[in-house]
Every structure is written in structure tokens, then in C-alpha cells.
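Structure, as C-alpha cells:
Chain A is the first sequence line, chain B the second, and so forth, proteins listed ahead of strands; every chain is numbered from 1.
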Amino acid sequence: MKETLSFVLNGSPVDVLAAPTETLLDLLREQLGVTGPKRGCDEGDCGTCTVLLDGQPVRSCLTIALTVAGKEITTVEGLADGRKLHPLQKAFHERGAFQCGFCTPGMLMSAKALLDGNPNPTRREIVDHMSGNLCRCGSYEEVIEAIQAVANGEYKE
Amino acid sequence: MKDVRYFAPTEMAEATQLLARYGDGAAVLAGGTDLVPQLNYYERHPEAIVFIGNLNLGYVKEDDSKLVIGAGTTLAELLASDLVVAHFGILADAISELGTVAIRTTATIGGNIANASPAADTVPPLLVMDADLVLVGPDGERTVALQDFFTGPGETILDTGELISEIHVPLLNGGTSFKKVGMRKAQSCAIAAVAVRIEMDGDTCTDARVALGSMAPTPLRCTTAEDLLKGETLDADLVARCAEAAVGQTKPIDDQRASAWYRIKAGKALIAKALSEAAGLGM
């Protein structure tokens, strides 16, 4: 039986109906057309569906949509300011921190959560934090370098 | 397909009544990291989902020489808790290797226990600290020893309508160590995991706990190894005999992660390493 659900998505209030077993990923992609978060494994392993829940990274594929009532969700769509890219997006783009790009929405949200909590992470901290985001093209080194570059202030807002 | 109901009670009594009403048809939802993959892959078909995240079960307190941990405390909250880091370092060690950041944000310690996986990483550290669980049901609450909680893979002594509400961890003495091997560091289910706590008087062991994960149908206390240690002088030979005795109590399986043969080998090595480290032996 569907229930009403209200939450804030990328700064805007959303009111929808969600089924009890519907995940946040399903809701975002199928109902709201927010297709930044990708469906990779649907069991929490790959990380490409990562979004921020009240600023903390979560797997949208493991989050029952109804549990985000009253919370704030940020997806990759909420990173850029209009046409102005977020520093992480600029750094990933300029440094080629992806090939096919399927993992990028999750990589960016995990990286944002890291830098929000720890603006100057060590390489080790970056690697630990990003270890839950898989890139089958193998762009890990460029991802780490892009995050380091943003932390070093090479990409301003 | 039957229509699934969703409930998000804010009172424990309401939660336990809902669980009692729906019985086996109820699925308890806390962090969702174990339940939701089963829903996504149609491995479970609950009649009702009871979300317990609004019951205010997320806290860590120090009370009368024990830590009181709310079952709804997330693994990220435990890792960030000064009380846990100061008094229960092996739990923090185990959690830092459990899942990944985004899993730890939502996964709860109560869920890790109640799911009753033989590979639950928080359980061996809790076993060596003689932890108790507070179970709340429609007819009231009871306290049980964690080591009596598991009856098989995914099976526990929880009655219909019962939930874990708190974990009580006595602040016991002794050196501790947690060791785990998995396929990779992040997001890997343990092939074998070991927690030990050892109390020493000089070179002599006065009390010990050895607990294993992923080596039997349930997380396991290795009492034969513990008995070998008590009152004895700890040296390399005793450590080796204990490791041998401990794996002798296990019933590991062959699965996609590792063979039983490998689990025995790895388990033995991990026990020896953990015992030496906890006792401060330079081996």
C-alpha cells in the first residue's frame, strides 16, 4: 500500500507516493526522473547509487524511500550551481577521473561527503573513504588525484 | 503480489505489537543494509515492514562500569564514539573494516547481531566482552547473554514480537585484539574473524576469551582454548596449542569466499596472531 512521502531533494521540497518496498534509487530514477544515481548492483556493493542523506553518504539502493521522510537528499544533480560545475566535477572532468562515467555520480557524492567532513584528507584517508566506490574502467588513481587537487585548492568554487 | 504494509512506530510498545501481529510476515527495518538487498532480489516477501529507526535507539552511555549501546546505534556513530574508542577498541577495529563508509552510515549494531550471520563482524568483539542483550517483546523485556542468542545461520532465540533494544558491554580488563581476513579490505564478508581478550598477571594468563566468526554456523566462543590458557604461562607453544584447540571446535564450510581447509589455516594463524598481540608477546 503506497504511503505519502515528503522530503527535500537537492534543495526543493518533494511530495510523492511510495510503496513500502520501493528504494530511494527506484523513486529517484523511475518516479522523479532523477537519473544521476545509477543502478549497478542493487545490493550496496558498487557505490554508483551513492547519495547524501542529511549530508552523509548512503546507498540509495539500500534505502527504503519511506525512511527519508523529512530528510534532505542530495544527488549529483544538486552539485553544480546552475551551469557552474562544483570543484569536484571540474577536477574529475579536467583530470579524466573516469572513462565510461557510470561510477562517477557515486564517486562525486562520496568525495563530497569526504571533503565536507575532512577538507584536507591524506592519500590514505581518501583511499579508505573511496574504497566503497568501484570503477571497472580502473580510474582510481585519477579519482584520488582529482580529490587531492580539490583539497589543495586547485579548483575554486 | 500481496500489498505490503509499512509502519514507522515511534513507541517500542507499538513496534512489538506490530511485530507480534504480523509474526513471520513482519520484516524489521533498521539500517536496511541486510534486508533491502533481499527485497530487491525478491528473496523475501514480507506482509509488513516495521521501520524501527524512529524508536530513539541510537545512543552509547557509560553506566555502572558497563557500556550501554542502543541497538539502533549506527556503525558510523559507534566509530565516532569516544566511549567506544576509549573502552572498547576492538569493536572500533572491527567496525572500521566492516562494509564501507556509506554502509556504516545506516547499518546498526542491533541489525548486525539480529541478522545472525555467522560472519557478523561486531559479534566476536562483543562475545569476548561477555556482552548481554536486552530483548523487548509485547510481554516485557528480558536480558540474555549474547553467547546464548544464536541458534543457527540467520536463527536466534528472538520470540515473535521481540526486538533487541540494548547491548550491555561490561568494561572488563585485559588486552584485546581483533583480526579478520576477507577477499579485499572494503565491503568484504569475513572468511575468518577472531577476537580475543586475555588478562595477564606477569607471564601468567588469569582469564581469557576467544571468539570466532565465519568458522561455524554461528559466531563461536572457543571455550576449549580459553580453558587451556587460564592459569598457564603464555608462550609460543601455548599460543600454538590454543589456536589448534580453537579451530578444533569449529565447523567451517566451503563456499564461494573460501574453502573450509583455508578457513582452518587462516583461522589458526589469526588466533595465534591475536593472542600474541593481546598478551603483548613480541611474536
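- The minimum heavy-atom distance linking A:M1 with B:D3 is given by the pair N-OD1, 2.9 Å.
- For chain A, the nearby parts of B:T33 are the backbone and the side chain; heavy atoms of each come within less than 4.5 Å.
- Between chain B and the options A:I64, A:L53, A:T50, the largest number of non-hydrogen pairs under 4.5 Å is found for A:I64.
- Distance check, rounded to the nearest 0.5 Å: CD of A:E3 to CZ of B:R5 gives 7.0 Å.
- With a threshold of 4.5 angstrom between heavy atoms, B:Y41 approaches chain A through side-chain atoms but not through N, CA, C or O.
- Between the side chain of A:D42 and the main chain of B:P37, no donor-acceptor pair closer than 3.5 Å is present.
- The minimum heavy-atom distance linking A:L62 with B:V36 is given by the pair O-CG2, 3.3 Å.
- Under the side-chain contact (heavy atoms from CB on, under 4.5 Å) test applied with B:T105, the options A:D54, A:T63, A:V58 reduce to a single match, A:V58.
- Counting only residues at least two apart or on different chains, the salt bridge (Lys or Arg N to Asp or Glu O under 4.0 Å) pairs with a member in residues 88-115 of chain A are A:R95-A:E154, A:K112-A:D116.
- Residue A:T23 touches chain B through its side chain alone, counting heavy-atom pairs closer than 4.5 Å.
- Side-chain atoms of A:R59 and B:T100, non-hydrogen and from C-beta on, do get closer than 4.5 Å to each other.
- Heavy atoms from other residues, nucleotides or ligands lying under 6.0 Å from CG of B:D24 number 12 at most.
- Applying the 6.0 Å contact sphere to OH of B:Y262 captures no more than 12 heavy atoms from other residues, nucleotides or ligands.
- For the set B:Y6, B:F51, B:F7, the count of heavy-atom pairs under 4.5 angstrom toward chain A peaks at B:Y6.
- Contact detail for A:P20 and B:V4: the closest heavy-atom pair is CG-O, 3.1 Å.
- Of the inter-residue distances, the one linking A:T21 atom OG1 with B:Q38 atom CD reads 13.5 Å to the nearest 0.5 angstrom.
- Only the side chain of A:L134 comes within contact range of chain B, with heavy atoms under 4.5 Å apart.
- To the nearest 0.5 Å, the span separating CD on A:E22 from CG on B:L39 amounts to 12.5 Å.
- Within a 6.0 Å radius of CD in B:E11, other residues, nucleotides and ligands contribute 12 heavy atoms or fewer.
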